[in-house]
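All chains are named by letter (A, B, ...) in the order of the sequence lines, taking the proteins before the strands, and each is independently numbered beginning at 1.
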Amino acid sequence: NAGVMQNPRHLVRRRGQEARLRCSPMKGHSHVYWYRQLPEEGLKFMVYLQKENIIDESGMPKERFSAEFPKEGPSILRIQQVVRGDSAAYFCASSPPSGYGYTFGSGTRLTVV
Amino acid sequence: DQQVKQNSPSLSVQEGRISILNCDYTNSMFDYFLWYKKYPAEGPTFLISISSIKDKNEDGRFTVFLNKSAKHLSLHIVPSQPGDSAVYFCAATYETGANNLFFGTGTRLTVIP
């Protein structure tokens, strides 16, 4: 029973490029959450999704960031026109409908050069 | 606005002794609290949780204490082992309602053999 799978593990982008981060939830989990960890900080909630539905995006920056969780396939966190300040570790978590049993993936470390 | 605070960025403890990690929160609506452990280059791993209807929860070497009036919780690890060396994050959420977690900034625990 594979855990939460995130890819790529490491992603390097030049300023102005687009970054796409993928997350496949655990089997049986229908809820996906994205968190960002900036250097020397804790994890900050970004967005909570169910299949084809954004439930809470209160932590998402207003511009350049978007997330989706399509009916088929992984959840995608998309960052357009990346800037140096986007460099961080991005973690995805999934849970069953109860919301308990959060399980985190190993994260994607984004570096913007 | 940091609603969950871990004021000690680091802690060193001798093997076999007790490790006490502290966490404070400001939002009185939080009613469910969790501790996560994180190794470098990995995602956070759930350790132990406590609901606001309890003041103590124990699981093996790990015990979490909750003082609601002080809005304070602590994680006790007894006895501490070198493999416990990691960053520990405190998190809080609402048991009913939103499922996003609010994280502290973490405490790096080093257990000295």
Side-chain angles (χ1 to χ4, degrees), chain A residues 2-11 21 23-26 29-50 53-60 67 88-111, chain B residues 1-10 21-27 29-53 57 59 73 75 86-109:
Chain A
V4 178
M5 304 300 292
Q6 287 190 251
N7 66 82
R9 289 295 304 273
H10 299 276
L11 181 62
L21 289 65
C23 170
S24 296
M26 278 186 70
H29 285 190
S30 55
H31 296 206
V32 165
Y33 315 81
W34 285 93
Y35 288 80
R36 175 166 67 173
Q37 184 182 20
L38 294 169
E40 307 303 322
E41 293 189 16
L43 282 75
K44 293 279 201 290
F45 168 77
M46 298 181 76
V47 62
Y48 160 34
L49 310 104
Q50 297 175 19
N53 207 4
I54 296 175
I55 306 302
D56 181 355
E57 56 181 346
S58 58
M60 286 279 268
Y90 292 81
F91 291 97
C92 169
S94 71
S95 78
S98 66
Y100 295 109
Y102 252 71
T103 301
F104 281 88
S106 296
T108 293
R109 186 163 299 278
L110 171 66
T111 303
Chain B
D1 179 26
Q2 191 70 28
Q3 298 187 60
V4 178
K5 298 176 185 178
Q6 293 176 258
N7 293 320
S8 298
S10 62
L21 295 93
N22 293 304
C23 177
D24 298 291
Y25 60 97
T26 57
N27 190 338
M29 298 299 291
F30 289 145
D31 54 12
Y32 192 70
F33 305 89
L34 309 93
W35 283 94
Y36 284 84
K37 176 180 180 179
K38 186 180 180 302
Y39 292 116
E42 293 185 14
T45 304
F46 171 76
L47 258 184
I48 192 169
S49 63
I50 188 166
S51 168
S52 60
I53 61 173
N57 189 25
D59 184 1
L73 63 155
L75 174 68
V87 178
Y88 288 79
F89 289 99
C90 168
T93 189
Y94 315 99
E95 197 154 18
T96 55
N99 288 322
N100 51 302
L101 300 177
F102 295 82
F103 280 87
T105 50
T107 296
R108 182 177 301 279
L109 173 66

### Task
Taking side chain to side chain donor-acceptor pair (under 3.5 Å) as the test, write out the residues that go with B:Trp35, two or more places apart.
none
### Nearest non-hydrogen partners of B:Phe103 and A:Leu43, listed with the distance
CB-O, 3.3 Å
### Query
Less than 6.0 Å separating the ring centroids of B:Tyr36 and A:Tyr102?
no
### Task
Would you mind reporting whether B:Leu101 and A:Tyr35 have side-chain heavy atoms less than 4.5 Å apart?
yes
### Task
Using the test ring-ring contact (aromatic ring centres under 6.0 Å, His included), find all partners of A:His31 that sit at least two apart in sequence or belong to another chain.
A:Tyr48
### Approximate separation, where rounding is to 0.5 Å, of A:Phe104 CZ and B:Lys38 NZ
10.5 Å
### Query
Could you walk me through whether B:Gln2 and A:Lys44 pass the side chain to side chain contact (heavy atoms under 4.5 Å, CB included) check?
CA-CA 10 Å; B:Gln2 191 70 28; A:Lys44 293 279 201 290; 3.2 Å; yes
### Task
For B:Gly43 and A:Phe91, work out which heavy atoms get closest and say how close.
CA-CE2, 3.6 Å
### Task
Please indicate whether A:Met5 has more than 12 foreign heavy atoms, meaning atoms of other residues, nucleotides or ligands, lying under 6.0 Å from its CE.
no
### Message
Between A:Arg109 (side chain only) and B:Ala41 (backbone N and O only), is there a donor and an acceptor less than 3.5 Å apart?
### Response
no
#### Entry: Minimum-distance pair of heavy atoms, taken over all atoms of B:Phe89 and A:Gln37
CZ-NE2, 3.5 Å
